[in-house]
Amino acid sequence: MQRPLTRCLTRRLVPLVAAVAALAAVPTAAPAQGTQAAPTAGHRQFAVGPQYDSTHVYVEPGTEQAFAASWVATFGGSTIGPNATQVTPTPSRTLSELVVSPVGTLSVFDYTTPVPYPFGTERTGWLVTDLDQAVRAARADGAAVTVAPFADPIGRDAVVQFPGGVNAQLYVHTTPPSYPGLASVPENRLYLSPDAVGAFLRSFLAFTDGRIVSDDRRADGAAIGLPGTAYRLLRLTSGFGTTTVAVTDGHLPYPFGRELTGYGVADLGATLERAKAAGASVLSGPVRADGRDSAMVRFPGGYVAELHGDR
């Protein structure tokens, strides 16, 4: 899957399949081996690697180029696309572009038609070893299949929903991709209620073959815009990368809860200055909480991200 932004009407769009083929030629630090192979018997591990798990970024119409330029100026990396294509099982049209950066991969979509439901609600795209087996496993582990498997221009996809309303798109490519390794693994950032977190953890950890790294029931609320309060913070890990779960009463100030992903950087202050120079705005922070400095940033096109010191 690929990503989008602002566009020049006279620009010639490169075909999507050719773009993916070009990306496969990029030298990699951690090439995917056996990307499309079936899981080992008796061990159900569908993840390929965190560099293949992209955040799905739906930008405001006409802002694809501004977003891509701002992101690359802030973090480095490269882009493939944009390409005008249909990536949904029902008629639609989007400029789709892939951003490959040291802090994470993004699939960006700049729709020129209305977005068919439920697309736009999925947080991430996860490359899996076998799509049909992964869909069956997701159901068995308590997730709902909200979009049944369908073909896209370069492979097949499905969308699943874990308890608590957490949506993820699963995908395979006809030609297995090969992306560069990451300097830091991004965090899938979730906000759940106390009522939903138990069912979510049972389903999500079973499907991802993940584990709980830490469970702090008195985390510093300053990290989510609520200084002087406490909340429950879980950190999870699996082959799909890292996940943080904030368990709250839902009384969250903007923009907390609007971010999909958190990105670790070596120098938060310098990164924020680059982001601002590239057209992004700092919505909150920096603040020191839970052992690290963090800030909330809005990039051109409306994408909100959490940035934190990765030391």
Side-chain angles (χ1 to χ4, degrees), residues 1-5 23 47-60 63-64 66-72 74-82 87 94-111 115 118-128 157 159-162 165-171 173 177 179-191 204 208 236-246 255-265 271 275 280 283 294-308 310:
M1 218 114 334
Q2 261 71 358
R3 56 160 216 140
L5 276 200
L23 181 60
V48 177
Q51 70 267 42
Y52 299 98
D53 304 329
S54 64
T55 299
H56 280 200
V57 178
Y58 287 71
V59 297
E60 297 161 354
T63 61
E64 172 267 330
F67 172 80
S70 179
W71 188 269
V72 172
T74 301
F75 300 106
S78 60
T79 65
I80 298 296
V87 295
T94 183
L95 287 177
S96 180
E97 187 168 2
L98 187 72
V99 179
V100 180
S101 76
V103 298
T105 303
L106 297 88
S107 297
V108 185
F109 305 101
D110 186 341
Y111 272 81
V115 182
F119 292 91
T121 64
E122 80 281 3
R123 308 172 55 85
T124 51
W126 289 345
L127 181 65
V128 293
D157 310 79
V159 179
V160 300
Q161 183 179 88
F162 296 98
V166 178
N167 296 329
Q169 187 156 334
L170 311 179
Y171 76 94
H173 281 174
Y179 300 170
L182 300 173
S184 64
V185 176
E187 297 177 349
N188 185 8
R189 291 176 59 86
L190 309 178
Y191 290 74
F204 187 83
T208 63
L236 318 177
T237 188
S238 75
F240 292 105
T242 62
T243 300
T244 64
V245 181
F256 297 94
R258 295 296 180 187
E259 81 278 17
L260 302 179
T261 306
Y263 301 93
V265 296
T271 303
L283 302 178
S294 63
M296 300 288 283
V297 178
R298 183 186 187 276
F299 287 88
Y303 179 57
V304 176
E306 186 260 13
L307 275 58
H308 58 266
D310 186 26

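The figures here come from the full heavy-atom set of this structure, side chains too, leaving out hydrogens, waters and symmetry mates.
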Task: Nearest heavy atoms of Val297 and Ala280, plus distance in Å - done: CG1-CB, 3.7 Å
Open item on the list: Within the 4.5 Å heavy-atom criterion, are Trp71 and Val57 side-chain neighbours or not?
Closed with: no
- [ ] Report the C-alpha separation of Phe204 and Val245 in whole Å, then their side-chain angles, then the decisive distance to 0.1 Å, and conclude whether the side chain to side chain contact (heavy atoms under 4.5 Å, CB included) test is met.
- [x] CA-CA 12 Å; Phe204 187 83; Val245 181; over 6 Å; no
Task: Inter-residue atom distance Thr79.OG1 - Leu106.CG, 0.5 Å rounding - done: 11.5 Å
Open item on the list: Restricting to non-hydrogen atoms, name the atom on Gly76 and the atom on Ser101 that form the minimum distance, rounded to 0.1 Å.
Closed with: O-CB, 3.4 Å
- [ ] For residues Tyr171 and Leu127, determine if any side-chain heavy atom of one lies less than 4.5 Å from a side-chain heavy atom of the other.
- [x] yes
Task: Gap separating the CZ atom of Arg298 from the CG atom of Leu283, nearest 0.5 angstrom - done: 7.5 Å
Task: Approximate separation, where rounding is to 0.5 Å, of Phe162 CZ and Thr208 OG1 - done: 7.0 Å
Open item on the list: Show, in sequence, the C-alpha distance, side-chain angles and deciding distance for Tyr263 and Thr271, and conclude whether the side chain to side chain contact (heavy atoms under 4.5 Å, CB included) test is met.
Closed with: CA-CA 11 Å; Tyr263 301 93; Thr271 303; over 6 Å; no
Open item on the list: Between Asp53 and Thr124, is there a side-chain heavy-atom distance shorter than 4.5 Å?
Closed with: no
Open item on the list: Does any part of the side chain of Ser294, heavy atoms only, come nearer than 4.5 Å to the side chain of Leu307, both counted from C-beta?
Closed with: no
Open item on the list: Using every non-hydrogen atom in the two residues, find where Gly120 and Val115 come nearest and quote the distance to one decimal.
Closed with: N-CG1, 4.4 Å
Task: Side-chain heavy atoms of Asn188 within contact of Phe240, under 4.5 Å - done: no
Task: Validation row: Phe67, Asp110 side chains within 4.5 angstrom (heavy atoms) - done: no
Task: Where Leu98 and Ser107 come nearest, the two heavy atoms and their spacing - done: CD1-OG, 4.0 Å
TODO: Kindly compute the distance separating CZ (Phe256) from CZ (Arg189), expressed to the nearest 0.5 Å.
DONE: 8.0 Å
Task: side chain to side chain contact (heavy atoms under 4.5 Å, CB included) assessment of Arg258 paired with Tyr191 - done: CA-CA 9 Å; Arg258 295 296 180 187; Tyr191 290 74; over 6 Å; no
Open item on the list: Looking at Val59, is its backbone amide N or carbonyl O close enough to the side chain of Tyr303 to form a donor-acceptor pair, meaning the two atoms are under 3.5 Å apart?
Closed with: no
- [ ] For Ser70 and Ala275, work out which heavy atoms get closest and say how close.
- [x] OG-O, 4.5 Å
Open item on the list: If I compare all heavy atoms of Tyr179 with all of Gln51, which pair ends up nearest, and what's the gap?
Closed with: CD1-O, 3.3 Å
Task: Pair Val87-Tyr111, side chain to side chain contact (heavy atoms under 4.5 Å, CB included): steps then yes or no - done: CA-CA 10 Å; Val87 295; Tyr111 272 81; 3.5 Å; yes
TODO: Would you check if Pro186 and Thr55 make a side-chain contact, meaning some heavy-atom pair closer than 4.5 Å?
DONE: no
Task: Value rounded to 0.5 Å, distance of OH in Tyr58 from OG1 in Thr63 - done: 14.0 Å
Open item on the list: Is any side-chain heavy atom of Phe119 closer than 4.5 Å to one of Val159?
Closed with: yes
Open item on the list: I'd like to know if the side chain of Ser184 and the backbone of Gly264 have a donor-acceptor N/O pair within less than 3.5 Å.
Closed with: yes
Open item on the list: Exactly one of Glu122, Arg123, Gln161 should register a side chain to side chain donor-acceptor pair (under 3.5 Å) with Asn167. Which one does?
Closed with: Gln161
Task: Euclidean distance, Thr105 OG1 relative to Ile80 CD1, rounded to 0.5 Å - done: 11.5 Å
